[in-house]
Amino acid sequence: MKDKVDTAEKSQNFELFDEIKFGLFIHWGLYAIPAGRWQGEYVRGIGEWIMHQKEIPVKEYGQLAEQFNPVKFDAAAWAQLAEDAGMKYMVITAKHHDGFAMYDSQASEYNIVSATPYRKDPMKALAKACSDRGIKFGFYYSHAQDWHEPNAAGNHWDFPEEREYGIYLKDKAIPQVKELLRNYGPLFLIWFDTPFLLTKEDAIELGDLVKHLQPDCIVNSRLGHGQGDYEQTGDNAIPIQPMDEKWEVPATLNETWGYKTDDNKWKSPADLIRKLVNIVSKGGNYLLNVGPTAEGIIPEESQLILRAIGKWLKVNGESIYGTTHSPFYYDDIVWRCTAKPGKLYFHILNWPGNRLDIPGLESRVTGARFLTNGNSVRFSQSGHNLSFELPDLPLDPYDTVLVAEIDDEVARITSGYRYNDPRDVIVLHSAESRFQGEDLLYDDDTESSYNFKESSEPRNELWWYIYHPPEGKFYVDVEYSCPKRDAGTEISFRRGDEMLIDDISLTGYLKDTEGKFETLRLGEMTLETSRKYTLLKCGLKGSKSVQPRIRKATLTKIV
């Protein structure tokens with residue numbers, strides 16, 4: 001049996017993926033009609049999963065197609081929004097888990113042309129609009145999970161447990177992937193998702209199909225079984241440190257992917273720009289999602305936020321596009337670094353006052369300036385310690401970028417400060433976690449998360465992703481604050497694997513800290529290098545209010 005998809009070592013798109021950094025994700029389908037409500041009831045969770053969450057029968061859900069008529073869809077306006085936002089590629093749902101094809105499919109009549117009053121193929125228009133603007137175009141395709149089909153994964157309420165997955169693969173998935181590759185011009189990528197039931201042979205067959213029909217088209221790792229051209233992180237999941245391999249974070253502007261009328265928890269431009277910088281400084285790409293309405297309109301809030309990011313990128317794009325990841329390891333959340341030959345871009349995300357200290361740089365700095373206005377920056381350098389003099393206030397409300405010219409093409413970093421040096425202390429900042437659940441909030445002033453409401457759909461927790469984890473046993477300490485009324489709240493810290501299954505759990509109880517932040521040692525936890533990544537989860541249970549706050553967790557290696 002073959003072990004890998006047949007592919008050239010490097011393709012044009014594979015190289016370009018490293019350069020363009022920022023893309024627009026679009027989740028659009030029948031789920032935009034209920035928009036998070038079913039029979040008048042609000043449904044928790046992400047909008048495009050409503051069929052699964054409410055176990056809506058195929059015949060009943062399929063009736064939504066008769067109402068789907070996105071007459072306000074404007075492909076040129078969508079592509080223009082991506083361009084205005086500084087996004088260089090676009091990925092849209094050709095078919096999500098509900099099984100409905102948002103294009104003209106001959107392999108299944110369950111599609112937007114055959115089953116809706118709209119009777120047109122919006123993907124044709126969108127592919128052309130992106131091409132006209134130089135935006136790379138690709139499709140999301142749910143290759144294994146399809147709730148409309150009895151032999152695909154996912155639908156346990158309509159169909160018996162026994163599945164003949166090969167029938168679904170042969171009759172629908174493979175023919176539809178062929179249609180996408182043949183009918184919409186050159187594709188930048190195919191974005192597969194949730195490879196349930198897929199064998200390794202199936203994954204390789206699909207990957208080979210893509211490379212055969214479009215050799216330059218790249219594929220994400222959710223193809224399954226270790227296949228794919230680049231690593232796909234979990235949703236909204238940013239690794240805690242820089243990585244050498246190519247990777248991408250799929251993320252949302254609010255809490256959902258598909259449109260939900262009740263989800264107005266919009267992330268601010270400041271938050272999203274910091275996330276973009278954080279991701280790029282660690283070597284990744286940012287694929288940021290919008291969920292259009294059933295009429296075909298991208299919500300105004302989404303447009304305003306994206307254009308604010310684009311305005312920042314017009315000034316600071318030099319520090320994002322075409323850069324490589326930071327040569328430094330990060331201990332705090334004050335600054336991040338991107339690099340080009342002979343240049344280091346220091347992104348000041350949390351203003352430190354009148355001085356920015358950068359430890360560990362051996363290369364000599366020959367000059368420094370602010371990117372926003374070109375003004376020079378005074379600095380001093382002694383040994384491997386570098387200090388910049390800063391004004392009282394940031395020059396940019398989101399991220400002030402300082403570019404330093406160095407006398408080396410690639411920065412030389414002192415041992416102990418390099419991004420890939422072994423670490424005996426791992427700091428997990430709340431600001432860098434994935435906020436799991438609908439309710440969690442973040443306070444910039446205290447750099448802490450709060451609003452841990454009781455919920456199991458899903459739980460409100462902080463999730464951290466440690467790729468290539470170190471080997472060893474670590475003490476686990478959590479820094480928190482707790483008012484008197486919430487003393488006794490249970491805190492849990494758990495270790496999970498790539499399938500989100502917990503295998504180690506530590507618990508403790510918060511005490512009254514009188515508004516101050518204190519540290520609680522929860523116990524010891526082992527990390528293993530054999531895992532691709534370790535998922536660490538922290539949450540609260542049994543609090544009487546939403547006031548307890550978590551600032552960070554620290555793992556200290558036991559010698």
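When a residue number appears, it is its place in the shown sequence, counting from 1. Keep in mind the model is a prediction, meaning the values are calculated, not measured.
Note that Arg521 lies in the cation-pi zone of Tyr475, set by a 6.0 Å cut-off to the ring centre and a 45° limit from the axis. Both tests pass for Arg336 against the ring of Tyr330: distance under 6.0 Å to the centre and angle within 45° of the axis.
A ring-centre distance under 6.0 Å is found for Phe346 and Phe388. Note: Tyr419 and His325 meet the aromatic proximity criterion, with ring centroids under 6.0 Å apart. Between Tyr230 and Phe17, the ring centre distance stays below 6.0 Å.
When each of Arg551, Lys552, Lys282 is tested with Glu432 by the rule salt bridge (Lys or Arg N to Asp or Glu O under 4.0 Å), just one qualifies, namely Lys282. Of the residues listed (Phe328, Trp351, Tyr345), the one engaging Trp335 in a ring pair (Phe, Tyr, Trp, His ring centres under 6.0 Å) is Phe328, and it is the only one. Tested against Glu318, the residues Lys340, Lys343, Lys21 include a single salt bridge (Lys or Arg N to Asp or Glu O under 4.0 Å) partner, Lys343.
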Run Glu83 and Trp78 through side-chain hydrogen bond (donor to acceptor under 3.5 Å, both in side chains) and show every step you take. CA-CA 9 Å; Glu83 184 176 2; Trp78 286 20; over 6 Å; no
Checking Glu362 against Thr414 for the side-chain hydrogen bond (donor to acceptor under 3.5 Å, both in side chains) test, could you report, in this order, the C-alpha distance in whole Å, the side-chain angles of both residues, the deciding distance, and whether it holds? CA-CA 6 Å; Glu362 293 182 356; Thr414 299; 3.1 Å; yes
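Of all non-hydrogen atoms in Gln214 and Leu187, the two that sit nearest each other are OE1-N, 2.7 Å. When all heavy atoms of Tyr321 and Gly86 are compared, the closest pair comes out as OH-O, 2.5 Å. Taking every heavy atom of both residues into account, Leu361 and Gln381 meet most closely at O-NE2, 3.8 Å. Taking all atoms of both residues into account, the shortest heavy-atom contact from Phe493 to Cys538 is CD1-CB, 3.9 Å. Across every non-hydrogen atom of Phe22 and Ala85, the tightest pair is CE2-O, 3.4 Å. Shortest non-hydrogen contact noted between Leu16 and Lys136 is CD2-CE, 3.4 Å.
Using a 4.0 Å cut-off between charged side-chain N and carboxylate O, Asp439 and Arg459 make no salt bridge. Using a cut-off of 4.0 Å between Lys/Arg side-chain N and Asp/Glu carboxylate O, Asp229 and Arg222 are scored as not salt-bridged. Remark: Asp443 engages Arg549 in a salt bridge, criterion side-chain N to carboxylate O under 4.0 Å.
Panel note: side chain Trp312, backbone Asp399; a donor-acceptor pair is recorded below 3.5 Å. Between the side chain of Ser221 and the backbone N or O of Gln232 there is at least one donor-acceptor pair closer than 3.5 Å. In this structure, Arg364 contributes its side chain and Ile406 its backbone to no donor-acceptor pair below 3.5 Å. Side-chain N or O atoms of Ser11 include one that pairs as donor or acceptor with a backbone N or O of Phe14 at under 3.5 Å. A donor-acceptor pair is defined here as one N or O able to donate and one able to accept, closer than 3.5 Å; such a pair exists between the side chain of Thr233 and the backbone of Ala237. Judged purely by atom type and a 3.5 angstrom limit, Lys4 uses its side chain to pair as donor or acceptor with the backbone of Gly226. Put simply, the side chain of Thr323 never gets that close to the backbone of Thr338: no donor and acceptor are under 3.5 Å apart. For the pair Gln436 (side chain) and Leu462 (backbone), a donor-acceptor distance under 3.5 Å is absent. Checking side-chain atoms of Asp216 against main-chain N and O of Phe188 turns up no donor-acceptor pair under 3.5 Å.
The closest side-chain donor-acceptor pair between Thr554 and Asp477, if any, does not fall under 3.5 angstrom. No hydrogens or angles considered: nothing links the side chains of Trp266 and Glu255 as a donor-acceptor pair under 3.5 Å.
Under the 30°/60° scheme for interplanar angles, the aromatic rings of Phe25 and His27 are found to stand perpendicular.
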